[in-house]
Structures are given as C-alpha cells and as structure tokens.
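Below is one structure, written out as structure tokens; comments come after it.
Just so it is clear, the structure is predicted and the values come from calculations on it, not from any experiment.
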Amino acid sequence: MGNSNLYSKSHREKVVDTINIGGKYVDREALTQRIITAATTSVFAVSFITFLILLLS
C-alpha cells in the first residue's frame, strides 16, 4: 500500500505557474517564498536593532 502511494505521487504532472516580470518568466512559488523571506528578515532586523537601542539607552 505504501509503494502504490509513492508511485501515484511521483507520476503526477507538475504544473508550474509563472509570472512575466520584465520579459522574464519567474516561478510564482519561488517569487512568493523570496518575498516572504525578505519581509520576515527585514522585520527581524528592525526588531533586533530596536531591541539593542532600547537595551543600551
């Protein structure tokens, strides 16, 4: 039963959703993950700097 489940998942067609940005096609999922990573990194950096400023004052 486990093998048939792996078989059916591995032979599904992969649908790639792309966006045209400046003449280049970009994978929508990859772009979304990059935006989320950049936003969370920025929020963390601002929070950490604010914490340091409050800690040192």
Side-chain angles (χ1 to χ4, degrees):
M1 182 160 47
N3 289 340
S4 65
N5 212 5
L6 287 174
Y7 179 79
S8 65
K9 286 182 182 179
S10 64
H11 290 303
R12 284 189 197 158
E13 291 183 23
K14 182 177 179 183
V15 177
V16 178
D17 193 14
T18 58
I19 304 171
N20 189 351
I21 299 177
K24 291 173 63 178
Y25 286 97
V26 181
D27 183 15
R28 184 181 299 251
E29 276 188 47
L31 181 63
T32 303
Q33 290 301 320
R34 282 186 176 183
I35 291 171
I36 291 171
T37 302
T40 54
T41 303
S42 299
V43 169
F44 174 76
V46 169
S47 299
F48 187 70
I49 290 170
T50 304
F51 171 73
L52 288 177
I53 291 170
L54 292 174
L55 186 67
L56 298 175
S57 61

### Query
How far apart are the closest heavy atoms of Ile21 and Val26, and which atoms are they?
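That would be CD1-CG2, 4.4 Å.
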Would you list the atom pairs, donor with acceptor, under 3.5 Å between side chains in residues 31-38 and any protein atom, with sequence neighbours excluded?
from, atom 1, to, atom 2, distance (Å)
Thr32, OG1, Arg28, O, 2.8
Thr37, OG1, Gln33, O, 2.8

### Euclidean distance, Ile53 CD1 relative to Phe48 CZ, rounded to 0.5 Å
11.0 Å
